[in-house]
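Since the model is a prediction, treat every value here as computed from it, not as a measurement.
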Amino acid sequence: MTIRYLLIATTALALTACDKKTDTTVSTTTAETTDAAGNAVDSTGNAISNTANDIGQSEPVNAVQDAVGGVVGQASAAAANSVDGYVTNAAIGDMYEIEASKLAEQKATSPAVKKFAAQMIKDHTATTAEVKKIVADGKLAVTPPAALDARRQGFVDNLKAASAADFDKVYVDQQVAAHKEALTLHRSYVDDGENAALKAFATKTAPKVQMHLDMVQKMDDAT
């Protein structure tokens with residue numbers, strides 16, 4: 001499958017996810033519907049990552065993979081309104097942020113990028129611990145994942161493959177997309193989530209994510 005067809009498939013699935021979320025005539029519950037939509041979109045994201053890996057690492061392929069992965073992430077985040085969907089997406093998002101930012105601390109050339117990366121490690125380590133506590137205290141029937149999914153692993157692999165000259169821009173571009181996705185995730189759960197403790201966490205976390213997004217967008221304009 002070519003990247004062109006992956007882009008078409010992703011767009012179609014993104015629209016499907018939005019339709020499933022807002023359609024009030026379906027017979028399944030909202031949580032079941034949004035989880036199904038999110039899972040379908042995530043599956044497409046994983047297929048994109050696997051296909052790109054089959055093609056091989058190159059800067060043009062990696063750039064397309066990152067761009068399509070961002071679209072997939074937005075659709076998946078908007079659909080993650082069950083406890084399992086929200087916790088899973090939040091946990092994987094944090095893991096990606098920490099792993100990507102550790103690479104940035106080592107490989108970035110801009111002091112501002114390095115400083116931002118250090119802040120991401122600190123903040124996302126804190127939110128990871130908070131989500132785990134909510135899950136444990138509430139005895140929620142979900143286990144936060146311990147590893148990245150294929151889509152986020154693809155982002156990390158692309159960061160590792162970036163040249164020294166391009167690393168800062170690749171990291172910053174990924175961070176813009178990742179924080180837009182995270183903002184969608186938290187705001188969507190505030191609106192439609194089903195667990196009060198997680199909704200309180202999402203309400204508190206969304207403004208912090210917006211602050212991170214504002215910071216990285218300023219860096220994006222400068223790179």
Side-chain angles (χ1 to χ4, degrees), residues 3 10 45-46 48-49 52-53 55-77 89-131 144-187 201-202 204-223:
I3 292 296
T10 300
N46 291 343
I48 290 166
S49 296
N53 288 337
I55 294 170
Q57 290 279 348
S58 71
E59 289 185 6
V61 169
N62 291 352
V64 171
Q65 183 185 1
D66 284 354
V68 176
V71 175
V72 171
Q74 283 283 348
S76 177
N89 275 271
I92 293 176
D94 278 348
M95 278 190 286
Y96 158 73
E97 289 286 352
I98 293 167
E99 191 164 342
S101 295
K102 285 180 177 178
L103 284 172
E105 281 194 317
Q106 298 168 9
K107 299 181 66 175
T109 57
S110 165
V113 171
K114 285 181 177 285
K115 182 178 179 181
F116 178 81
Q119 187 68 47
M120 294 308 97
I121 293 168
K122 177 183 176 183
D123 290 354
H124 287 279
T125 298
T127 51
T128 294
E130 192 165 353
V131 168
L148 295 174
D149 60 358
R151 180 168 65 89
R152 261 65 71 102
Q153 186 59 56
F155 291 159
V156 172
D157 291 344
N158 291 348
L159 271 178
K160 291 178 179 178
S163 67
D166 291 335
F167 181 90
D168 286 13
K169 177 157 182 57
V170 173
Y171 173 73
V172 168
D173 285 349
Q174 284 190 8
Q175 287 296 302
V176 170
H179 281 87
K180 287 180 178 178
E181 177 179 342
L183 194 58
T184 297
L185 175 71
H186 296 305
R187 285 178 173 173
F201 168 78
K204 179 177 68 172
T205 303
K208 297 177 183 177
V209 174
Q210 181 67 66
M211 180 182 69
H212 292 167
L213 178 58
D214 293 343
M215 291 167 61
V216 77
Q217 283 179 322
K218 288 180 182 177
M219 286 191 290
D220 191 33
D221 293 338
T223 56

Run the side chain to side chain donor-acceptor pair (under 3.5 Å) test against [X] and tell me which residues pass, sequence neighbours left out.
X      : answer
Ser101 : Tyr171
Glu99  : none
Lys204 : Glu130
Gln217 : none

Please round to the nearest 0.5 Å and tell me the distance separating atom [atom1] of [X] and atom [atom2] of [Y].
X      : Y      : atom1 : atom2 : answer
Thr109 : Asp166 : OG1   : CG    : 10.5 Å
Asp214 : His179 : CG    : NE2   : 10.5 Å
Leu103 : Leu159 : CG    : CG    : 6.0 Å

By salt bridge (charged side-chain N to carboxylate O under 4.0 Å, His left out), which residues pair with [X], not counting sequence neighbours?
X      : answer
Glu105 : none
Lys208 : none
Glu97  : none

- Task: Could you list all the salt bridge (Lys or Arg N to Asp or Glu O under 4.0 Å) pairs where at least one residue sits in residues 108-127, not counting sequence neighbours?
- Result: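 As it turns out, there is no salt bridge (Lys or Arg N to Asp or Glu O under 4.0 Å) pair with a partner in residues 108-127 once direct neighbours are skipped.
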Is any side-chain heavy atom of [X] closer than 4.5 Å to a side-chain heavy atom of [Y]?
X      : Y      : value
Gln174 : Asn158 : yes
Gln210 : Arg187 : yes
Met120 : His212 : yes
Thr127 : Phe201 : yes
Gln175 : Met215 : no

- Task: Answer yes when Asp173 and Lys169 have at least one side-chain N-carboxylate O distance shorter than 4.0 Å, and no when they do not.
- Result: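 A salt bridge links Asp173 with Lys169.
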- Message: Whether the Asp149 and Gln153 side chains hold a donor-acceptor pair (N or O, under 3.5 Å, no angle test) is what I'd like checked.
- Response: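 Their side chains do not contain a donor-acceptor pair, so the 3.5 Å distance test is not met.
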My understanding is that only residues two or more places apart in sequence, or in another chain, count here; which of them pass side chain to side chain contact (heavy atoms under 4.5 Å, CB included) with [X]?
X      : value
Ala90  : Leu185
Ala112 : Ser110, Met219
Thr128 : Asp94, Ile98, Lys132

Do you know the tightest heavy-atom contact between [X] and [Y]?
X      : Y      : answer
Ile92  : Ala147 : CG1-O, 4.2 Å
Ala206 : His186 : CB-CB, 4.1 Å
Val209 : Ala182 : CG1-CB, 3.9 Å

- Message: My understanding is that only residues two or more places apart in sequence, or in another chain, count here; which of them pass ring-ring contact (aromatic ring centres under 6.0 Å, His included) with Tyr96?
- Response: Phe155
